[in-house]
Amino acid sequence: MKPFRVRLSIIMMILIGVSVIVAGYTMGRVFKTTHTTALEQTMVREINLLKATFPFHDATDPTSAETRKYYSDRAGELEKLTDSRVTFINRDGTVIGDSESDPATMDNHLDREEIKGAVGDGYGQSIRFSETLGEDMLYVALPVNSDQSDMVEVPGGEFDGYIRLSMSLAAVDQGLQRGWLIMFVALGLLFLIVALVSYRVARGLTSPIEHITKVAHRITKLEYDARVEVTRRDEIGQLGLAINGMADSLQTQLKTIRDNEALLQSVLANMAGGIVMIDASQSIALVNREAERMLGIQSERVTGKPYIELKKHYELTRTIEESVAVQERMHEEVSIFNPEERLIRIDGVPMTEDDGGYRGMLFLLQDVTAIRRLESMRSEFVANVSHELKTPVAAVKGFAETLLSGGVQDKETERSFLQIIYDEGDRLNRLIGDILELSKIESKRAPLQCSPVHVHSFFEMVLGTLSKVAEKKQIRLQMFVPEELYIEADEDKMKQIFINLLSNGINYTPEGGRVKLQVTVEHGEAEEQVVFAVSDTGIGIPKKDLPRIFERFYRVDKGRSRNSGGTGLGLSIVKHLVELHHGKLSVESELGMGTTFKVILPLIQDEEI
Ligand code: ATP
Ligand code: MG
């Protein structure tokens, strides 16, 4: 397909060419006719002049040589004057004189067109190709009768016949040919000009359209910032403005759509719950980031695939299968393994189209492992507390009953029973105190009361209170603390932390052992922090128990702890208090070799945390 502008110029050139040729042809015709008519009139006038002035000779005997000679000689003279062939023809058609050929050789002329026309009073004319001269000739003939009264009195004899003049039309044809030549040259020039002009005009017309088309194509290819350069105010300019307006509106609409989509995406991505959408064809339509994490899958891998792709989570897949089948709201709790077991609550909601048709199921997945664990811990705690309380109460009750029954006579035994009752009462007291303390910390009713603590003197005081117990077990207490170190902390709570850790060290280390406290300052990620290491040379903690010793009431071995009067609450209190100080607590231990607890506290408590 040729471009429009080329087609337009071709069409214009053809139109102009055709009209010039038609005009030329018509003009040629008109020119020729006018010319011939004028010539004809002139010839008629000449014959009329001749009729009036010609000295006719007796022509009653057309065959006489004398007559022929006379008329032929006159014809020859006249030809010189009129520049045309002159023929004298008798009424019966015999040629009696001719300026170009011998009348004796010429045949009867009655059947000639011009003679036929001239019969009577009119005049005849004819154009035809003359064999004699080999060109187009114009013949004009008039009847002549020298006896006619309308004629001027001319001396001479009788002539009754026709005078014919004939002229070559070669001059006319030549003129016409020259005309054609000029016309063709002019036409060629015109063509050239037309081609140029029409090409430019067409280009002026089409190039803005081409520009607009290009812009429209770019918009189709989602380049919404493409705009038409509008330089004119006509219809094409209006079209450009309309396209620009369309692009503007597309751009804003797209931006709105993108913004909405981004909003939706960020809501989905940042949701605490997992979202899995199964469409009406039972394929996975959407999986958000949290669901990816929970199920250990990748959105790009599973989207568009049947939900069976999730088959590694057997219970989940089965639940989806059931709810997709019934298309109703549902709740369910299932376990998944990724890699350790997690308890997931699934809430399924059927999604509907605007017209109420079914679109698929939307599942919200929530990890309820922690909640369930907390719940079970709580009930375990109640059971533990009751058990822990029952044991000392039973002892107190039993010994008191024995004493009351009066069965014990001996003072020594009575005293030892009373001592037991006192010890168990004390234990009960401590237990209740610990439980209250723990619940206070857990419910955040004990805010930090921070002040600068001089670490060295703080530990001198703490070790002082423990020295008696340590001495009793012949355990060496050592401390390595920088002299000038101050830390911002709640001194009371810090005391609770280290009394607990150090007394654990003393309790779980056999006689003759050593408990050491070492304090260092180090640069943490953001701030300076103080590392407190409490290590002993005691019995150690088995690997399997290490993760659990910070749980409430957890004791490695009830027997050994009971001896030392422990309740299993100490470390959980420590853990809570360290966290209250935004610190960290960790433990390393080797069975039979010793244990090291590490407490890391920030040097300065940041108010904002
Ligand atoms: P209390 O509430 O009186 O402190 P407890 O010492 O038994 O009782 P925790 O301090 O919480 O309870 O300690 C939990 C368990 O961890 C202990 O029963 C003990 O078995 C073990 N444990 C703690 N510290 C040490 C240590 N330094 N060496 C060996 N075992 C330890
Ligand atoms: Mg303890």
Side-chain angles (χ1 to χ4, degrees), residues 377 380-381 383-392 395 423-442 462-463 465-466 468-470 472-479 493-518 532-580 584-599:
M377 261 168 69
E380 222 173 86
F381 176 69
N384 277 331
V385 167
S386 344
H387 179 76
E388 294 296 330
L389 290 176
K390 244 162 92 184
T391 325
D423 285 349
E424 288 298 319
D426 182 47
R427 190 172 138 75
L428 209 57
N429 191 33
R430 272 192 293 126
L431 187 64
I432 292 168
D434 278 354
I435 293 173
L436 286 178
E437 181 68 24
L438 197 61
S439 82
K440 211 160 81 187
I441 300 167
E442 276 195 347
V462 171
L463 292 195
T465 50
L466 291 171
K468 267 219 180 87
V469 201
K472 232 194 244 172
K473 280 187 81 178
Q474 292 169 10
I475 287 175
R476 232 170 349 124
L477 284 180
Q478 294 179 314
M479 68 175 241
K493 297 195 164 78
M494 214 169 117
K495 195 168 153 190
Q496 260 180 295
I497 293 174
F498 290 103
I499 295 242
N500 261 303
L501 290 179
L502 288 164
S503 47
N504 274 357
I506 297 168
N507 277 338
Y508 304 109
T509 300
E511 292 195 1
R514 173 185 58 87
V515 174
K516 184 176 85 175
L517 167 83
Q518 185 151 21
F532 305 85
V534 179
S535 41
D536 60 51
T537 55
I539 54 172
I541 304 168
K543 274 244 145 42
K544 68 169 174 53
D545 294 300
L546 275 179
R548 300 202 58 190
I549 55 170
F550 300 108
E551 286 176 19
R552 287 171 298 195
F553 297 112
Y554 193 84
R555 287 170 301 206
V556 171
D557 146 19
K558 304 243 163 175
R560 74 170 175 181
S561 175
R562 182 59 47 76
N563 292 338
S564 59
T567 61
L569 285 175
L571 283 181
S572 58
I573 292 175
V574 168
K575 186 162 195 283
H576 272 101
L577 291 175
V578 168
E579 280 168 4
L580 215 58
K584 282 185 216 113
L585 175 62
S586 60
V587 60
E588 275 170 35
S589 181
E590 198 158 331
L591 210 55
M593 300 297 291
T595 307
T596 302
F597 282 93
K598 234 182 222 176
V599 176

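Here the structure is a predicted model, which is why all the values come from computation and not from measurement. Each ligand, and each atom within it, is numbered from 1 in the order the structure gives.
Under a 4.0 angstrom heavy-atom cut-off, F550 registers as lying outside contact with ligand 1. Close to ligand 1: G568, with a non-hydrogen atom less than 4.0 angstrom away.
Listed by number with element, the atoms of ligand 1 under 4.0 Å from a non-hydrogen atom of V556 are 18 (O), 20 (O), 21 (C). Near G540, the atoms of ligand 1 lying under 4.0 angstrom from a non-hydrogen atom of the residue are 29 (C). Residue F597 has at least one heavy-atom neighbour below 4.0 Å for each of these atoms of ligand 1: 24 (N), 27 (N). Atoms of ligand 1 found under 4.0 Å from any heavy atom of Y554, numbered from 1 in the order shown, are 14 (C), 15 (C).
Among the atoms of I539, none of the N or O lies under 3.5 angstrom from an N or O of ligand 1. Distances between N or O atoms of L571 and those of ligand 1 include at least one value under 3.5 Å. Between R555 and ligand 1, not a single N/O pair is under 3.5 Å apart. Checked by distance only, ligand 1 and R430 stay at 3.5 Å or farther apart across all their nitrogen or oxygen atoms.
Residues T596 and S589 have side chains not in contact (no heavy-atom distance under 4.5 Å, counting atoms from C-beta outward). Put simply, the side chain of V462 reaches to within 4.5 Å of the side chain of I499, judged on heavy atoms. At a threshold of 4.5 Å between non-hydrogen side-chain atoms, the residues Y508 and T595 do not count as touching. Taking the side chain as every heavy atom from C-beta outward, N500 and L571 never approach each other to under 4.5 Å. Within the 4.5 Å cutoff, the side chain of S535 has no heavy atoms near those of the V515 side chain.
Nearest heavy-atom pair across V556 and P542 is CG1-CD, 3.7 Å. Among all heavy-atom pairs drawn from K584 and V578, the shortest one is N-CG1, 3.5 Å.
Contacts between I541 and ligand 1, counted as non-hydrogen atom pairs separated by less than 4.0 Å, involve the side chain only. Contacts between D536 and ligand 1, counted as non-hydrogen atom pairs separated by less than 4.0 Å, involve the side chain only. In T595, the part holding a heavy atom less than 4.0 Å from any atom of ligand 1 is the side chain.
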Legend entry - side chain to side chain contact (heavy atoms under 4.5 Å, CB included) assessment of F498 paired with V534: CA-CA 8 Å; F498 290 103; V534 179; 4.2 Å; yes

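Metal site remark for the Mg ion (ligand 2): N500 contributes no N, O or S atom at a distance under 2.8 Å.
Atoms CD1 and NZ, from I573 and K575 in turn, are 13.5 Å apart once rounded to the nearest 0.5 Å.
No donor-acceptor contact under 3.5 angstrom links the side chains of Q518 and Q478, judged on distance only.
Of the listed options S589, G594, G570, G570 places a heavy atom closest to atom 4 (O) of ligand 1.
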